[in-house]
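Heads up, the thing below is written out as structure tokens.
The sequence lines fix the lettering, A, B, ..., with proteins before strands; numbering per chain opens at 1.
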Amino acid sequence: MKSRFAPSPTGCLHIGGARTALFAWAWAKKQKGSFVLRIEDTDVERSTQKSVDAILDGMNWLGLDYDEGPFYQTQHFERYKAVIRQLLDEGKSYYCECSKERLSNLREELIAKGEKAMYDGCCRNKGLSFDHHKVVRFKNPTNGVVVFNDAVKGKISIANKELDDLIIARTDGMPTYNLTVVVDDHDMGITHVIRGDDHINNTPRQINLYQALNWNLPEFSHLPMILGSDGARLSKRHGAVSVMAYRDAGFLPEALLNYLVRLGWSHGDKEVFSLDEIVSLFDLKDINKAPASFNEEKLLWLNQEYIKNATPEYLIKHLEWYLNNQEISTHNGPALVLVVESLQQRSKTLLEMVEGLKMFYQDFDVFDEELANKQFQDKVPLKALVKKLKQLDTWKSDEIKIIIKQVCDELGIGFGKVGQPFRLALSGNGNAGNIDTVAELIGEETTLKRLDRAIKYEC
RNA sequence: GUCGCCUUCGUCUAUCGGUUAGGACCCAAGGUUUUCAUCCUUGUAAGAGGAGUUCGAUUCUCCUAGGCGAUACCA
């Protein structure tokens, strides 16, 4: 058994492509088969090396490892030419000299008449010979019905009269998509073609090609599309569509993968799947037929679940990228493991976590004005706090907590009246966890320094 | 326009003819908590519409509507 992911390098790896890759990958792993990565770069006009790299990076970040490839279609030109030659020799294809103008006029005419825009077979029986201005068209059967059993959609049938003679080689000799997929899927021994359902309409054409070549058909699985929140096909205007943009936004790859696998697939009521569980539980028969809308809130929830349950060490591994990016050094400060631990329950993304850990390693310039004017109005609690903290022997969170309580008791005020300004004094923005833990981690010197600054703050 | 595919809470989904139609996200309320967050409890909310088939349809069939896709010398 062998499946493949076959993106065209005309942009980065996007959400939809990643899910297609994930499903093809999961099915191959589940079947103990092989997963192939094939770059479909026959459109040399639009394909770029940058896109190839972006796709590879995305696959790598997601952890979708391939057993074979990456293969590049541009390296298979000779093979495609040979197949086209064979089709021509066997009378299953022909040269066509119709100009693009004639074709577009024809299209307009047909549409105006309310008919389906198709090539009219003008050159089909002309017996034209090779020349550099001609394309090669495949003689699609003119009658009968192509029927195939899609593993997710079920039985699909399209009449041959709805299909025209498709171009398999351009005027410059370059083969086109429908020919190259068939040739490569056959040559590589792909048994399961798993792709987006925008390819359903191409499938009967490809099946006709398989048959003309006397090749065995693979099994087809057409995945429903991923839509944006407005029901339109997911695109840039819905926000981030690139996989790497989610990395940049602080998502863990397994959270994204978990979210993606649940888009169009389910296993009872189970929501959280480890990579191993995805592989062992995945089944093509559980894939939905209907398109699904991308919902970032649920992704965020999953990401938080993963952050909460990960080990600090694992998070640090991922955090390093953001830390380097923002040039944050964590060497002069509390142990990163402890800081990360203190932030795990309160970070939806790694980016939030980075924001939260800054206060332990960097000083801030100003207090949040609105909060400071409120919290630092009354300096008495802070002054009392400082006085007592200075007398502390061991700088430990439980000791600090006791002191805060003492201040509360002495002044006859609630914990919030002391804890809140204390929190703001240390963080600058009020975003911090257990204040005693934070104070312990931040250290005596810095804590007292920041408290002093808070006391001097002029409302 | 034509062809194809699709249609359960706002969103992701369960249900393989008989259920008070279940779970998750979101939202709301309450509890725990030193704010927030976490955690716990509870709540709101769905079978596109219409015909059949059947003792019984969310589930099977057909029609309509809507959505998406394809109609490229893109993939």
If the sugar-phosphate is the primed atoms plus P, OP1 and OP2 and the base is the rest, what is the B/S/- string for nucleotides 23-35 of chain B, using protein heavy atoms under 4.0 Å? BBSS-------BB

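- Residue contacts shown for A:Ser266 are limited to sugar-phosphate atoms, with no base heavy atom under 4.0 Å away.
- A heavy-atom distance below 4.0 Å to RNA chain B is reached by these residues of residues 195-202 of chain A, ordered by number: A:Asp198, A:His199, A:Ile200, A:Asn201, A:Asn202.
- The two atoms that bring A:Pro204 and A:Ile158 nearest to each other are CG-CD1, 3.5 Å, heavy atoms only.
- Summarising the geometry of A:Lys153 relative to A:Lys289, their closest heavy-atom pair is NZ-O, 3.0 Å, with the distance given to 0.1 Å.
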Under the criterion ring-ring contact (aromatic ring centres under 6.0 Å, His included), I'd like the reasoning laid out for A:Phe376 against A:Phe367: C-alpha separation, chi angles, the key distance, then a yes or no. CA-CA 10 Å; A:Phe376 298 159; A:Phe367 289 109; 5.0 Å; yes

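- Taking atom CG of residue A:Leu223 and atom P of nucleotide B:rG69, one finds them 16 Å apart after rounding to whole Å.
- Comparing B:rU11 with B:rA70, their P atoms are spaced 23 Å from each other, to the whole Å.
- Across all strands, A:Ala117 comes closer than 4.0 Å to base atoms (heavy-atom distances).
- To the nearest 0.5 Å, atom NZ of residue A:Lys81 and atom NE2 of residue A:His76 are 14.0 Å apart.
- If you measure from atom CG of A:Asn178 to atom C1' of B:rA70, you get 11 Å, rounded to the nearest angstrom.
- Comparing atom distances between the A:Ser293 side chain and each of B:rC12, B:rU38, B:rA75 picks out B:rC12 as nearest.
- Note that OG of A:Ser93 is 7.5 Å distant from CG of A:Leu209, once rounded to the nearest 0.5 Å.
- Note on A:Glu162: only backbone sugar-phosphate atoms sit closer than 4.0 angstrom, heavy atoms only; bases stay farther off.
- One C1' atom belongs to B:rA14, the other to B:rA46, and the distance between them is 13 Å to the nearest Å.
- Contacts of A:Ser229 with the nucleic acid, taken as non-hydrogen atoms under 4.0 Å apart, are absent.
- Counting all heavy atoms, side chain and backbone alike, A:Lys348 lies closest to A:Asn303 at O-ND2, 2.8 Å.
- Closest non-hydrogen pair, A:His133 versus A:Thr171, comes out as O-CG2, 3.2 Å.
- A gap of 25 Å separates the C1' atoms of B:rC68 and B:rU15, to the nearest Å.
- Between the CG atom of A:Asn288 and the C1' atom of B:rU15 there is a distance of 12 Å, given to the nearest Å.
- Atom pair A:Ile156:CD1 and B:rG69:C1' shows a separation of 12 Å (rounding to whole Å applied).
- Interatomic distance, CD1 of A:Ile15 versus CZ of A:Phe294, reported as 4.5 Å (0.5 Å rounding).
- Straight-line distance between the C1' atoms of B:rU44 and B:rG23: roughly 16 Å, to the nearest whole Å.
- Using a cutoff of 4.0 Å between basic side-chain nitrogens and carboxylate oxygens, A:Lys401 and A:Asp398 are not scored as salt-bridged.
- Rounded to whole Å, the distance from NZ on A:Lys116 to C1' on B:rU2 is 6 Å.
- More than 12 heavy atoms of other residues, nucleotides or ligands sit less than 6.0 Å from atom NZ of A:Lys308.
- With a 3.5 Å ceiling on both atom-pair distances, the Watson-Crick or G-U wobble partner of B:rC39 is B:rG31.
- The partner of B:rG1 is B:rU71, by the rule that a Watson-Crick or G-U pair needs both atom distances under 3.5 Å.
- A:Leu441 contributes atom CG, which lies 5.5 Å from atom CG of A:Leu338 (distance to the nearest 0.5 angstrom).
- Comment: A:Arg79 engages A:Asp187 in a salt bridge, judged by a side-chain N to carboxylate O separation of less than 4.0 angstrom.
- Among the protein residues, A:Ser157 comes within range of the sugar-phosphate backbone only, with heavy atoms under 4.0 Å from sugar or phosphate atoms but none that close to a base.
- Nucleotides B:rU19 and B:rU53 are separated by 22 Å at their C1' atoms, to the nearest Å.
- Going from the P atom of B:rA24 to that of B:rC40 covers 11 Å, rounded to whole Å.
- Donor-acceptor pairing under 3.5 Å, judged by distance alone, is present between the side chain of A:Thr171 and the base of B:rC73.
- Close to B:rG69, at under 4.0 Å from its OP1 or OP2, lies a side-chain N or O of A:Arg233.
- Distance CE (A:Met225) to C1' (B:rU7): 17 Å, rounded to an integer number of Å.
- Of all nucleotides present, none satisfies the Watson-Crick or G-U wobble test against B:rA57 with each distance under 3.5 Å.
- Both A:Thr176 and A:Leu227 lie near RNA chain B, and the one whose nearest nucleotide falls closer to the 5' end is A:Leu227.
- Listed nucleotides B:rC12, B:rC74, B:rC6 differ in distance to A:Arg170; the shortest reach to its side chain belongs to B:rC74.
- Residue A:Thr42 has a polar side-chain atom (N or O) positioned under 4.0 Å from OP1 or OP2 of B:rA75.
- With a cut-off of 3.5 Å on both Watson-Crick or G-U wobble distances, the partner of B:rU44 is given as none.
- If A:Thr180 and A:Trp265 are placed on RNA chain B by their nearest nucleotide, the residue sitting closer to the 5' end is A:Trp265.
- B:rU35 and B:rU42 have their P atoms separated by 24 Å, given to the nearest Å.
- Taking atom CD of A:Glu108 as the reference point, atom C1' of B:rU2 lies 16 Å away to the nearest angstrom.
- On the P atoms, B:rU8 is 11 Å away from B:rG47, given to the nearest whole Å.
- B:rC73 atom C1' lies 12 Å from atom CD1 of A:Ile84, rounded to whole Å.
- Across all strands shown, B:rG66 is found opposite B:rC6 as a Watson-Crick or G-U wobble partner, with both distances under 3.5 Å.
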